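From a predicted model like this one, the values you see are computed outputs, not experimental measurements. All residue numbers refer to positions in the sequence shown, counting from 1.
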Amino acid sequence: MKSERSLRIGLALLLVCLVAVCIGQVEARQARHAENSVQINSNDIGGVVASSKGPEAGVWVIAETTDLPTKLVKIVVTDDQGRYLLPELPKASYQVWVRGYGLVDSEAVQAAPGKPLNLTAVIAPTAKDAAKYYPAVYWLSLIKVPDKSEFPMKPTPMPPFKGETAKAAPAAPNAIMPIAQREGGARPNQQAVPNEEALALRPITTQEQWIDVMKQGCQQCHQLGDFFTRDLSHLARFGFKSPEEAWSTRIHFGQAGADRMSGTLPRFVDQQRAIKMFTDWSDRIAAGELPPTPPRPEGIERNLVITMWDWGKPSGHPHDEISTDKRHPSVNANGLVYGADYNDDDLLWVDPVKNTAGAIRVPTVADRSTMKPTWPKNISAPSPFYGNEILWNGVGGPHNPMMDEKGRVWVTSNVRPAENPDFCKAGSSSPFAQYFPLNTAGKHAAVYDPETKRFVPIDTCFNTHHLQFGYDKDDTLFFSGPGGQAFGWLNTRVFDETGDAKKAEGWCPAYLDTNGDGKIDPAVDKRIPVNGYGAIVNPKDGSIWFATTNPTPGHLLRMTLGSNPPATCMAEVYEPPFYNPKAPGISGYAPRGVDIDRDGVIWTALSGSGQLASFDRSKCKVLNGPTATGQQCPEGWTVYTAPGPKMRGVTDNSSADFEYYNWVDQFNTLGLGENIPIVTGTSSDSLQAFNPKTKKWTVLRVPYPMGFFSRGMDGRIDNPNTGWKGRGIWATYGGDMTWHIEGGAGTKNKVVKFQLRPSPLAD
């Protein structure tokens with residue numbers, strides 16, 4: 001009986017083994033078939049990715065080389081059979097490996113173009129191991145923001161930090177550097193109309209305001225939720241007595257802590273409640289709490305090809321990039337891509353054809369030693385990475401380059417101390433100064449001509465930040481100015497003819513047509529601060545639009561010059577629906593980025609609520625008059641919540657992601673079609689494209705190195721006749737702290753090219 005039972009068991013085991021062998025043979029045949037179906041050219045690497053579970057679909061294959069003049073990385077996604085093709089690789093030796101959700105990184109394999117390469121993916125042994133590769137926003141979603149019942153907040157003093165004693169002030173955020181100054185804006189203006197500077201005096205009365213402080217303050221400079229923000233173990237050598245002391249101290253680290261990070265904390269008003277929130281978050285993560293699992297790329301997301309090049313210094317901050325003229329995306333085809341290094345006063349460049357990189361110093365009018373540093377030179381607490389070293393010595397803070405149809409690069413940057421020349425002030429012969437004198441300007445402009453290699457500083461009376469070209473015969477360049485009471489422009493035709501900025505520039509304050517009579521009378525009509533962050537010009541009517549995040553819910557500002565500026569300049573203001581009884585269930589806040597499609601519809605990134613919104617002014621029933629104060633046109637707004645998780649305790653339609661800026665692909669430079677708005681998923685390592693017709697999102701994830709913090713993008717057509725290879729979108733890593741990028745201290749920033757091919761195996 002016993003032997004009979006043993007025989008049955010043995011036969012069963014044999015059957016199991018035979019089935020396993022058959023399955024293995026089938027999988028092997030499938031893998032060989034898949035491998036054979038990947039066509040490899042001399043500049044390709046391709047093959048199949050499989051794990052112990054079989055072919056792995058929707059994972060990334062990463063190839064990296066340092067053999068070229070600047071480091072290059074190429075990334076693609078596997079198809080539904082685990083196949084991949086890395087196309088267009090320069091001749092070099094590459095380290096190739098696999099990364100994907102549910103996996104841990106495979107061991108890198110050395111490879112060269114022209115040969116097939118199958119790769120073995122490694123299943124993550126635990127959920128904790130898998131979560132290490134999740135974007136920061138998924139970890140941030142674990143944070144528990146204060147419940148709505150906890151507002152309004154009562155002021156509490158800043159907690160003491162290691163080496164310091166508690167201080168009674170500041171109990172309210174009125175002693176910190178204003179936002180506009182922090183971003184290179186003007187000093188408190190002589191024209192006393194409340195603007196973003198007055199945020200320092202505002203109480204926190206709603207949960208939305210609290211979240212907005214997190215995003216416009218903390219996340220403005222780096223990803224909340226990345227390893228170095230969610231983790232405290234790397235600070236063990238400091239010997240903190242408690243997690244609360246660690247959090248209270250870390251916001252004072254290094255140059256960024258002297259007034260930036262520590263200056264953000266008072267904006268929460270209840271500073272001790274803020275520290276408790278962050279401490280609870282990191283404590284729960286340390287105890288093993290894990291975020292939700294992100295989805296792997298699907299559908300067209302698997303057609304993505306990412307190419308990136310190193311540029312700048314390890315401590316640099318390329319805030320924005322530009323590759324072409326926004327209005328004519330074939331300008332500068334195959335040419336250099338430029339970036340404004342906010343920390344180091346350089347105009348960076350990458351040659352994507354020769355794989356080289358370099359930098360050009362942005363000029364000033366004044367001696368640099370007389371100018372205020374972009375970053376403070378004092379350190380309250382040593383950095384865990386750089387100790388008491390002063391990393392940043394810039395004074396210009398160059399920002400947001402734009403290109404004209406001649407291929408010249410225009411950039412905003414400080415060129416002198418903030419005090420304006422007499423030409424800008426009261427008593428000047430300038431009609432603009434007579435109408436609205438300006439005493440200070442904290443950022444100005446400069447233009448670089450690649451043909452002549454000449455870089456010219458441009459002195460402006462008004463503050464600058466973002467800049468956009470108009471569609472008029474004078475090629476007028478318009479500027480935003482956070483914290484400013486006016487916006488300005490430069491007639492580039494006149495500037496080219498005369499070289500005289502005084503003759504070429506003008507500016508306007510923002511008056512609402514309060515009584516609705518179609519004209520502006522300063523004695524009757526209400527003036528509001530321009531205070532614009534994002535800027536765009538409407539090609540349909542020449543109006544200039546600005547996006548402003550604060551005070552919550554923020555707004556869009558429409559400006560028209562009229563026939564005789566500045567006297568005829570007129571403003572309209574439109575807030576996204578926010579507790580508006582005319583729009584129940586629809587809410588959003590903090591417009592930051594702004595762009596326009598070819599139909600004249602405005603698209604804006606609602607950075608606070610983590611949404612994308614369109615605004616169609618033609619739908620508005622009220623444009624001006626006594627009721628046109630912001631919430632008068634909910635019918636003009638359509639709001640779409642970005643993909644990704646919410647933060648704990650948030651019940652509104654929103655995303656934990658920080659949609660820093662947005663851009664509209666008017667000319668199909670990516671391959672998703674014309675008029676496709678794209679937002680920067682600043683906390684989710686991604687660009688996020690939205691199709692207004694299908695209402696579907698396409699997430700373009702950058703999986704390596706983790707920490708892709710993009711502030712903007714643009715698209716270029718190098719060759720309209722070569723399909724996907726002749727098109728692409730460009731963006732840059734844009735976080736202040738490059739040591740937060742995967743790889744840590746010494747890691748350089750990158751410029752990234754996104755392309756969509758017809759299929760994951762297209763060459």
Side-chain angles (χ1 to χ4, degrees), residues 137 212 215-216 219-220 319-323 326 329 399-400 402 465-468 480 482 532-538 544-549 553-557 574 576 588-616 636-644 654-655 657-670 672-692 695-702 708-715 729-732 734 752 754:
V137 70
D212 213 17
K215 293 191 175 185
Q216 313 305 331
Q219 287 171 269
Q220 184 176 316
H319 194 285
D320 298 287
E321 59 68 45
I322 196 69
S323 68
K326 179 182 178 67
H399 182 278
N400 190 221
M402 294 298 289
H465 202 56
H466 283 91
L467 63 168
Q468 293 284 353
S480 74
Y533 183 78
I536 194 62
V537 180
N538 187 340
I544 308 99
W545 291 76
F546 300 103
T548 297
T549 61
H555 62 259
L556 295 177
L557 182 70
Y574 302 97
Y589 54 99
R592 189 176 180 91
V594 65
D595 205 351
I596 194 166
D597 65 26
R598 295 171 73 179
D599 297 322
V601 175
I602 295 292
W603 291 86
T604 180
L606 300 181
S607 56
S609 52
Q611 297 169 310
L612 173 69
S614 64
F615 179 72
D616 188 345
W637 291 88
T638 308
V639 179
Y640 309 94
T641 300
S654 64
S655 168
D657 213 344
F658 183 28
E659 313 297 345
Y660 188 98
Y661 214 84
N662 66 286
W663 176 79
V664 176
D665 188 2
Q666 296 183 6
F667 301 100
N668 191 25
T669 59
L670 179 60
L672 290 175
E674 296 181 348
N675 287 335
I676 297 294
I678 306 175
V679 294
T680 56
T682 305
S683 296
S684 60
D685 293 340
S686 67
L687 301 181
Q688 300 163 352
F690 180 74
N691 189 319
K695 305 298 188 291
K696 292 184 178 180
W697 291 90
T698 299
V699 178
L700 309 175
R701 191 88 72 194
V702 181
F708 175 62
F709 183 118
S710 187
R711 298 174 184 265
M713 71 202 87
D714 80 321
I729 284 180
W730 296 85
T732 182
V752 188
F754 296 78

Residues forming a side chain to side chain donor-acceptor pair (under 3.5 Å) with D616, sequence neighbours excluded = S618

Mark yes or no for whether D595, through its side chain, and V664, through its backbone, hold a donor-acceptor pair below 3.5 Å.
-> yes

Distance-only, no hydrogens or angles: does the S480 side chain make a donor-acceptor pair with backbone N or O of Y533 under 3.5 Å?
-> yes

Is there a side-chain contact between D597 and W603 (heavy atoms, below 4.5 Å)?
-> yes

Pairwise distance CG(D657) to CD(E659) - rounded to 0.5 angstrom | 4.5 Å

Roughly how far apart are N662 CG and T680 OG1, rounded to 0.5 Å?
-> 7.5 Å

Contact check, side chains of F546 and V594, non-hydrogen atoms, under 4.5 Å = no

When rounded to the nearest 0.5 Å, the distance separating OG of S686 from CH2 of W697 is 9.5 Å

Between the main-chain N or O of Y589 and the side-chain N or O of D212, is there a donor-acceptor pair closer than 3.5 Å?
-> no

Residue pair A547 / G593: nearest heavy atoms and the distance that separates them = CB-O, 4.0 Å

For the residue pair H465 and H319, does the interplanar ring angle fall in the parallel (under 30°), tilted (30 to 60°) or perpendicular (over 60°) class?
-> perpendicular

Compare all side-chain heavy atoms of L556 with those of P591 and state whether any distance is below 4.5 angstrom.
-> yes

Side-chain donor or acceptor of K215 paired with backbone N/O of Y660 under 3.5 Å = no

If you look at every heavy atom in G588 and P553, which pair is closest and at what distance?
-> O-CB, 3.9 Å

For residues T682 and Q219, is any side-chain donor paired with an opposing acceptor at under 3.5 Å?
-> no

CH2/W637 to CD1/I602 distance, rounded to the nearest 0.5 angstrom?
-> 9.0 Å

Residue pairs fulfilling salt bridge (charged side-chain N to carboxylate O under 4.0 Å, His left out) with at least one residue in residues 672-690, sequence neighbours excluded = R598-E674

Is there a side-chain contact between L670 and I676 (heavy atoms, below 4.5 Å)?
-> no

Ignoring hydrogens and geometry, is there a side-chain-to-backbone donor-acceptor pair from D714 to S323 under 3.5 Å?
-> yes

For D320 and H399, indicate whether the former's side chain and the latter's backbone hold a donor-acceptor pair under 3.5 Å.
-> no

Going by atom types alone, do T641 and Q611 pair a side-chain donor with an acceptor below 3.5 Å?
-> yes

What's the spacing between T732 OG1 and F708 CZ if we round to 0.5 Å?
-> 8.0 Å

Within a strict 4.5 Å, meaning less than it, do heavy atoms of the F658 and S607 side chains meet?
-> yes

Between F615 and T604, is any pair of side-chain heavy atoms under 4.5 Å apart?
-> no

From CZ (R592) to OG1 (T549), nearest 0.5 Å = 6.0 Å

Can you find a pair of side-chain heavy atoms, one from I536 and one from K326, that are under 4.5 Å apart?
-> yes

Beyond-backbone contact of S710 with L687, side-chain heavy atoms, under 4.5 angstrom = yes

Ignoring hydrogens and angles, tell me if any N or O in the side chain of Q666 forms a donor-acceptor pair with the backbone of I596 under 3.5 Å.
-> yes

Aromatic Y661 / basic R711 pairing, under 6.0 angstrom, 45° off normal = no

